[in-house]
Structures are given as C-alpha cells and as structure tokens.
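First the structure, in the form of structure tokens, and then the observations on it.
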Amino acid sequence: MRIDEISTQELGHKLHHDSQPKPQSQSQHHYHHLLSQIESSISQAENLSPEKPLPTTISDDLRRSLTQLAQSQPFPNSIKLLVWKLSFRLWNACVDLSNAASIRSRSSPSPSILAEEHAKLRHLAADLLSVAGGVVGVPSPEIKSASFYHKTGVIWHELRKFELASACFERATDLVSKIDASSISSAGERKLLLDLCIARSRTAWEVSDRNVAVALLNRAKSLLFGSPEHHKALANQYSVFGKSVLSKDESGALNEALRLMNEALDLYEKGLRAARTREDMLELKGLKSKTLRFISAVHLQMGEFESVIKCVKVLREGDNEDRHPSLPVLAMKAWLGLKRYVEAEKELRGMVVNKGIPEGVWVSAVEAYFQAAGTAGAETAKEVFLGLLGRCSISAGAAVRVAHRVVGNDGSSCEGSKVRAKVVAELVSDERVIALFSGEAAAKQRMAMHAVLWNCAADHFRSKDYETSAEMFEKSMLYVPYDIENRILRGKGFRVLGLCHLGLSRLDQALEYINESEKLEPNIASAFLKFKIYLQKNDQSGAINQIQAMTTCSDFSPDFLSLSAHEAIACHVLPVAVAALSNLLNFYVTGKSMPTAEVVVLRTLVTILSQEPNNEQEVLKFVKRGFNRASELGPDCFFGKGEVGRREWNWFAVSSWNFGIKSGKEMKFQLCADFLRLASEFYGLPVDGQVDGNNVMVCKSLILSVSAILASENQRKIALTDVEVKQTVELLDRAGKLLRSISVGTRLNDDQVNSIEADLFFVYTLCAYNIQGRLNDLGSQLLLVKNFASSKACEPKYLLQIGLNALQGPPNHEVAAFALNECLTALLSSPLPEYQSVALIIRKLIAVANVRRGDADDDAVYGMYKQAYRIIVGLKDGDYPIEEGKWLATTAWNRAALPVRLGQIDVAKKWMNIGLELAMRVPGMESYRASMEDFVGGFEKELCVQNIGKNVPQLIV
C-alpha cells in the first residue's frame, strides 16, 4: 500500500519556507546537491514501466548518494523533512510498480514482481528514513522507519535473501527498542511490534538457527497486549515451526514438534479467553481443535497411545457437528496400539454408519485394523464390508472403488494379505454386488472390476501365492460376459488358471483349464503351458517333442524357444534346455532377424553343458561352431561391436582356455589340446580391428596345446603320424614367431617375463626340443637350448630338466653337457646353492664325459672330480650329499685300476690321490680311507723295487 505523505500545515509551511530562495552556506549547498541527485534517481523510478525490468543504475546511484549524505550528518530539520519526503516518494513508486506488475501478471506470465532490484529500492527508502532520523512535529518517527524496514525485510525473506532480511528486521528492532511498549496505544503499532518479532523468528528458522527462532517467539509473548488476533498470529507461527520439524524427519523431531504444538495450543486457549466476538471465538476454537488433532497424531507416531485417547476424548466433548472425521480413526489406531481390539472394532463399526467420514479415511482405518488384527478380524471385516456396501447407495462405480481401495491395487504392486483378498473375493461374489454390474450401462464398471480382481490375482501369482491367485482369477471370471466379443478374454482367464494350478502341482486340473483355453483361443501360449506340464512331470522326451510341436503353431515366435530353455533350466532338466537352444540355433542360418544374438544363444548352450560332467565333447562342438560362425560372418558381426562385442569374444576365448586347462588337469590331453588350439584361434581373431594385443594369449595357447598333444601321445602309447607331426611343427613355428616378437629376440624384459611366465617359455623349449629330435635336427636342439639359457626366463631348475631330458630317448649329449654345465654354474653362483642338485649334475656330467670320450684317461672327467673336490672343501658335514660324496671318492679311486695294470704310474697316482682326497672330506669313509692309505703306502714301496703289477683294490659303496 502507498504511504501518505507528510502534509500537516505546519510541515507544509516549513517546507515551503525552506524552499524559498535565500543565501545558502557551503554545507547547505552540499545537502541540496546530494538531495537533487537523490530526487533525480527517484524521478526515474517513478517513470519506470512495469513491463521492463528495473535497471540497476537507479539503486546504485541512490546508494552512492545516500552514503555521501549519511557522512554529512547531523542535518537541520529542513533537510530531514526533504529526506522524509523523498523516502516516501521512493516507497510509493515501488508500490505503484508492484501493483501494476501484479495486475499484469494475472493476464500473462511475467517474472516475479519481488525482483532483487525492487527490494533494493524498498531498502533504500527505509535507509533514507533511518538516515534522516526524527523530524520535529512527526509523531512516532521510529515506528514509521521500523515499518519500512519490516516490510522490506519481508520482501527479502520471500526472495530467500535471509541475511538481508535479518539485517532489516534487526534494524527495525533497534528502532522500536527505544520505545516503551506500554506507552503504545495504536493497534497497528502494537501489531508491528509482534509482526517484527515473528518475522525475525521466521528468518532465524530459515537459516537453521532454531534456538534463536524459538527464543524470539517466546519473547513475542510479551507483545500480545491481550489481543486474540495477536494470540492467533503467534500460535500459528508455533504451529508452522512444529510442522516444519516433522517434515525434516530428524532425530528427536517428534518431541520438538510436540513441544511447539503445545505452545500453539496454549496460545489458542489464551486467545479464546481474550476473544469477545463470536467470529474470533469460532476461528480460535477451530484452530485449537486442529492443533489438538495434530498433537494427537504426533502422540500416535510416538507410540503414546494413552495420550491419543485423552486427546480424542477432549475433542469429542464438543457438539456433534464439531467432531472431525479423523477422530474415530485416531481412536481406533490408538486402541490397536494398546492391543485392545474390542474397542478398536467398536470404533471401526461406528465409522461404517458415520457418513461424514470420507471413503479414503475409512479404508485407511480398515487397512490399519487388518494389519493389527490379522486373520482374527476376517469375519469382522466381512461384516464391515457388507455394511459399507449398504452405505454406498450401491452403484457399480462405488463398488469398484471400494474393492480397489481394500485390495490395494493402486497400479503398482498388491500389498494386500490373504485376509484382504479373501474378504474381497467374498464381497465381489455376493449376488447383490454382481447384480450391480448387469446390463450394457455398467459395461465400463464391469471391466474395471475385472481389472481390479485380475491385477490382485496377478500380484499374488508373482508372490507365488497360487492358491489365492487362482481364487481371485476365478472371481474375475464372474465379470466376463459369455459372448463372442469376450471369447479371447475368457480364453486368457482359463489359461492363467491353468498356470495357477500348474504352480500348485495340480497337473490334471491345469491340463483341463488349458484344454478349455485352446477351445476358445488356440495359440502358442497354450502349447507352451503343455510344455511346462511335461517339465513338471520330468518327462524329458515329451517336453522335447512339445518343443517341436510349438514350432508348428501359427503364432510361433523363436522367443518361445528361449523361454522354453529358461523353464527347463529352472526345472533342472538341462537336456531339454539344450534341445530348445539347439532348435533356436537353426533359425540363425536362415538369415531371419532374431531378437537374441546368436552369440548369446551359443554362450548359454556352453554354460548349460558345462554344468554337468562329461559334456566336454558337446561343449567343444558348440565352441567350434561359435568360431566357425565368427569366421563366416566376421568377428564384429558375430560378437557385436564396441565393448559388448569385446566381452562376448573374451568370454569364448577365456572359456576355451579354461576348458583346456581343466581337461589337462583331468588328464584328458586330447581334449586339452583341442580346446587350447581353439583358444589360440579365438585370441587371434581381429576384434574392433585389433589383434596384436592378444599375442601373449595366442602364444600361451599354442605352446600348451602342443604340450597336450605330446602328453596325449604318451598317454595313448601311439606315436604321432607324420601329418600330426607336421601340424605340431606349424603350431610351434607360430608360437616361436610370437615369442620372438614379444620378447625382442630371445631376451625378455621384466614386464614381458610377467606376461609370459618363465615356465611357459620352458615348456615351449621342451616341446620344440622334442619335435626337433623327431626330425633328427640335433643342431637346432642345441641352438634352442642356448637361446633359452641366454634368456631371463631361464632358471637352474629348467636347465637341469633340459639336461636330464637330453639324456633320455634319443640322447643328445652335447645338449646335455651344455645344459648341465650352465645349470651348475648358475647353482654355484647363488648365495645358498642346492647341493643335492649340484651333486646330481656332477654325476651326470661325469657320465656324459664318459660317453663322449670313452673310459680312457680324460682330463675333462678328472676336471669334474677336481671341481667336485673344490666344492666339497670348506662345506660342513652333511651339506654335500654324503652318498654322492662316497660315490665320487670310490669311482675316482676305482679309475686308478686300469692305469696301474697298464703301468701308467702318473695317471694311477693322480686318480688314487683325488679319490683319497675326496674320501678324507666325506663323513663315514674312515674305513675306506684307511684301506686306501695302506694301499698307497704299499704302492709307493713297491714302486721302489719296480713291482708295479699289483692290482688296485676295488671299492664298493
């Protein structure tokens, strides 16, 4: 509203007097210059159109001028009058803009009139009054200035600029705090004090300063002045805060809301005592009752059921017309909470005859009663429903609404219990209810009732409550006419009834309903249900034959084969599932568009077959089919593109690999070889145009496949044919090329050692060595082993295995000597050599040297014994295997026998000395050593008399 301008004769006279030309001081000139700028900006605001947004320049110019003016305080009274005049003009200009914008917004959409610029101008108007201060002759200037700030703060609050709103309210509070409240006689000024305190409280509440907000409301109690209107305003704010607390669902919210609502109730009661007019009394009485009902509901949430009963009794003390329909609902729920079901039932029955209770409230009460009383209240519920049926004037639409409410079919899920379903079933089968839906006039309502019952039955079916579901489906058939138009609907009803009885394992009844359905509407669905019956009977041959029958139906879709497979899996009849999916695969070769990708069907088939043992051959068949189809159609077409295609390709590749590894562990080496070779083919397919990234897995698969082929040969005791050897060579050639490309020549870096395990490189070496031996390529064998020995993948245990392997089969002594010498070097260079392996290597190297150079004196063999001696020297007893040490000592000693007989004295002494030296280092050879020393002493004496023909005694360990 517009603010009246100051227009008393005295003030008008002074203003006219001050406006007459007269000499001005420099200070007065400065005042008038600033006031002229302010007036110019206000004039712009007065000339603004509400159709255009407020420019920011006006508020910015006014703020600068006002700041300069405030720095020139104090003002003479004449200047104060001018500032007041300008403030009122600016305020009224804002009011005019608001009114015009409000009128315009009713006819066409427009931005909110409470724009920030508008609020800034209001704030500036309030600041002008504040800067001017009191004016001689103007009554209650602080109240007027505070009113400006209060109204501006309300606008800022509505704009959710709570800091600015709080600043305005606090400024207004400072202004009125200088006034003695008891001296204020004007009702409007008193109301301003209360409104200001409430407004401050609301803003504090919005910034989550609840303690301050409640404290301000408590402070406002001293500003009521005995007015019922004031009591109502303050109580309403307490009530708003209480509801706000509940809406946030915080810890302790119920107690806090209850405290606030009790404050509101107390204020309404005090307002009633202060009220004098009938209108005030009726309004406050209604608010008090509403608050008391709210308090009762909070007590109900808190579980304080006795308090709820007390509140309801107080509310019922008034006249009948004042009794709210929610009272019996509150009372009934409280009695239920106290487990006093007799009183709760009385309240429920009383609601049936109370026509003032809305249907939704009544149904809510019934649901609460059902939830608490359960099956014990079923008979009561039936009587109550029939009573409601009589109360509703019994129109078909009303009966549909009641059934819909009670059964809980709100379009989502049915949460009604068996008790509610039973009650509704009895209700809808009542002859009086069925009669409501006869005739064409009720056709729409009849279909609606059918939908309610059908949906309820479907919900119980989904929850596997087939007994209740069958009953509800049967009741829904009561609302389907026996005519041609509804033939399909009746057929559908018989079909779902067959499903229900199938779920109850009543297979004969299910078949009867399905046969009835086929008479009305023969289709694939009925054939599929027969298929399900065969599954329930575990008749695998019948189910497989029914799959073929389904494909002959006129409305057959391949989707039913997928569904049949799912059903068979659920019944754990995997052969039927395999038959269904195998039939489904036949449709892909025709080129027809299929809802499911072929790769998905194959993947599912492989997964099913892998769930039972001894199905590896079948699995291999379908995995091969997947590879063949991918080769025919192209990987991107078969597997799909993008991430989905990569996942499908990876699944087949990994599955082939896993089946190969599993078969290998189970000693099924031929299957292992086939799966791993297939895995190499899958990993070698270009997916999204990329294949190099899979070289590691291709290489692994090829190597292990060849290893499985060789293992299968040994297992079957049947040598590989020339063709098989040639195929194996090709596989190894591919693996070798991949190894070279991955490992950069023959040396693996650390990362590549992690990707291609050392033992796999070793397996490749063994396999390639084996095949090259079959081709009698001894040079390639040596080169292969040397390449392996120079790689980072090489370890002593691998070299030992290669050396031992080279001594078996057709031996390659050169490879054996190289591998064993390399292994010995590696073992001796380690911090803690494994002397058991060292001893074995020395024995094998001596054997190799003997074979390569014969039994004649051989420096290489003697060097091995000397090396063994150097190794043993310095070791603790038992570090070097004792038996191996004895073997070295005795064999070295025994080698002296031939040179002695041949007269090779130096050679014989050499071997006897090394034998004796070794015997001295080996524990447990004391008796041998004494014998050896005696012979050496005697041998030396005999040499003196040239008797050298005596035989060296042979030592046996």
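As a basis for the values below, the full set of heavy atoms in this structure was taken, side chains included, without hydrogen atoms, waters or symmetry mates.
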Shortest non-hydrogen contact between Ala679 and Ala653, atoms and distance: CB-O, 4.1 Å
Yes or no on side chain to side chain contact (heavy atoms under 4.5 Å, CB included) for Leu520 and Ile488, after CA distance, side-chain angles and deciding distance? CA-CA 7 Å; Leu520 294 169; Ile488 294 177; over 6 Å; no
Would you please name every residue forming a salt bridge (charged side-chain N to carboxylate O under 4.0 Å, His left out) with Lys532, sequence neighbours left out? Glu567
Can you measure from CG (Leu584) to CZ (Phe560) and round to the nearest 0.5 angstrom? 13.0 Å
Rounded at 0.5 Å granularity, tell me how far CZ in Arg446 sits from OG in Ser438. 8.0 Å
Does Phe305 have any ring pair (Phe, Tyr, Trp, His ring centres under 6.0 Å) partners at least two apart in sequence or in another chain, and if so, which? none
Minimal heavy-atom distance between Gly493 and Trp454, with the atoms involved, is CA-CZ3, 4.0 Å
Student check: side-chain heavy atoms of Lys313 and Arg316 closer than 4.5 Å: no
For residues 543-551, which side-chain N or O atoms pair as donor and acceptor with protein atoms under 3.5 Å away, sequence neighbours left out?
residue: Asn545; atom: ND2; partner: Ser541; partner atom: O; Å: 3.2
residue: Gln546; atom: NE2; partner: Ala527; partner atom: O; Å: 3.2
residue: Gln548; atom: NE2; partner: Asn583; partner atom: OD1; Å: 3.0
residue: Thr551; atom: OG1; partner: Gln548; partner atom: O; Å: 2.5

Answer yes or no: is there a donor N or O on one side and an acceptor on the other, between the side chain of Ser296 and the main chain of Leu292, under 3.5 Å? no
Grab the two heavy atoms, one from Ala297 and one from Leu330, that are nearest each other, plus how far apart they are. CA-CD2, 4.2 Å
Which residues share a ring pair (Phe, Tyr, Trp, His ring centres under 6.0 Å) with His501, sequence neighbours left out: Tyr513
Is there a donor-acceptor pair closer than 3.5 Å between any side-chain N or O of Trp335 and the backbone N or O of Val342? no
Candidates Met447, His450, Met449 - the one meeting side chain to side chain contact (heavy atoms under 4.5 Å, CB included) with Val400: Met449
Asp555 side-chain N/O to Ile524 backbone N/O, donor-acceptor pair under 3.5 Å: yes
Assess whether side chain to side chain contact (heavy atoms under 4.5 Å, CB included) is satisfied between Lys339 and Tyr341, documenting all intermediate values. CA-CA 6 Å; Lys339 300 189 182 302; Tyr341 299 113; 4.2 Å; yes
Any side-chain to backbone donor/acceptor pair from Asn523 onto Ser526? Under 3.5 Å, distance only. yes
With sequence neighbours left out, write down each residue that passes salt bridge (charged side-chain N to carboxylate O under 4.0 Å, His left out) with Glu343, or none if nothing qualifies. Arg340
Note: Cys311 and Ile295 closest approach over all heavy atoms is SG-CG2, 4.4 Å
Identify, with sequence neighbours excluded, every residue that meets side-chain hydrogen bond (donor to acceptor under 3.5 Å, both in side chains) alongside Ser429. none
Per-pair distances, 0.1 Å, donor-acceptor, side chain in residues 469-479, under 3.5 Å, sequence neighbours excluded:
residue: Ser469; atom: OG; partner: Ala457; partner atom: O; Å: 2.9
residue: Ser476; atom: OG; partner: Phe473; partner atom: O; Å: 2.6
residue: Tyr479; atom: OH; partner: Val428; partner atom: O; Å: 2.7

Considering non-hydrogen atoms only, spot the tightest contact between Leu336 and Ala344 and give its length. CD2-CB, 3.6 Å
Hey, could you give me the CG/CD1 distance between Leu511 and Ile533, rounded to the nearest 0.5 Å? 5.0 Å
Kindly write out the residues that satisfy ring pair (Phe, Tyr, Trp, His ring centres under 6.0 Å) with Phe461, not counting sequence neighbours, or none if the list is empty. Tyr466
Can you measure from CG (Leu489) to CD (Glu521) and round to the nearest 0.5 angstrom? 9.5 Å
side-chain hydrogen bond (donor to acceptor under 3.5 Å, both in side chains) partners for Arg490, two or more places apart: Tyr482
Can you find a heavy atom in the side chain of Asn650 that is under 4.5 Å from one in the side chain of Phe639? no
Atom OG1 of Thr607 and atom CG of Leu602: how far apart are they, to the nearest 0.5 Å? 10.5 Å
Using atom types as modelled, flag every donor-acceptor pair under 3.5 Å from a side chain in residues 617-627 to any protein atom, sequence neighbours excluded.
residue: Glu618; atom: OE1; partner: Lys621; partner atom: NZ; Å: 3.2

Side chains of Leu561 and Phe556: closer than 4.5 Å at any heavy-atom pair? yes
Heavy-atom pair of closest approach, residues Met351 and Pro328: CG-CB, 3.7 Å
Given the rule in the salt bridge (Lys or Arg N to Asp or Glu O under 4.0 Å) test, do Arg349 and Glu345 qualify, once you have shown the distances and angles that lead to the verdict? CA-CA 6 Å; Arg349 290 182 182 276; Glu345 183 179 337; 3.0 Å; yes
Value rounded to 0.5 Å, distance of CZ in Phe659 from CG in Leu609: 8.0 Å
Listed partners of Arg506 passing salt bridge (charged side-chain N to carboxylate O under 4.0 Å, His left out), at least two apart: Glu467
Who passes salt bridge (charged side-chain N to carboxylate O under 4.0 Å, His left out) against Lys530, sequence neighbours left out? Glu518
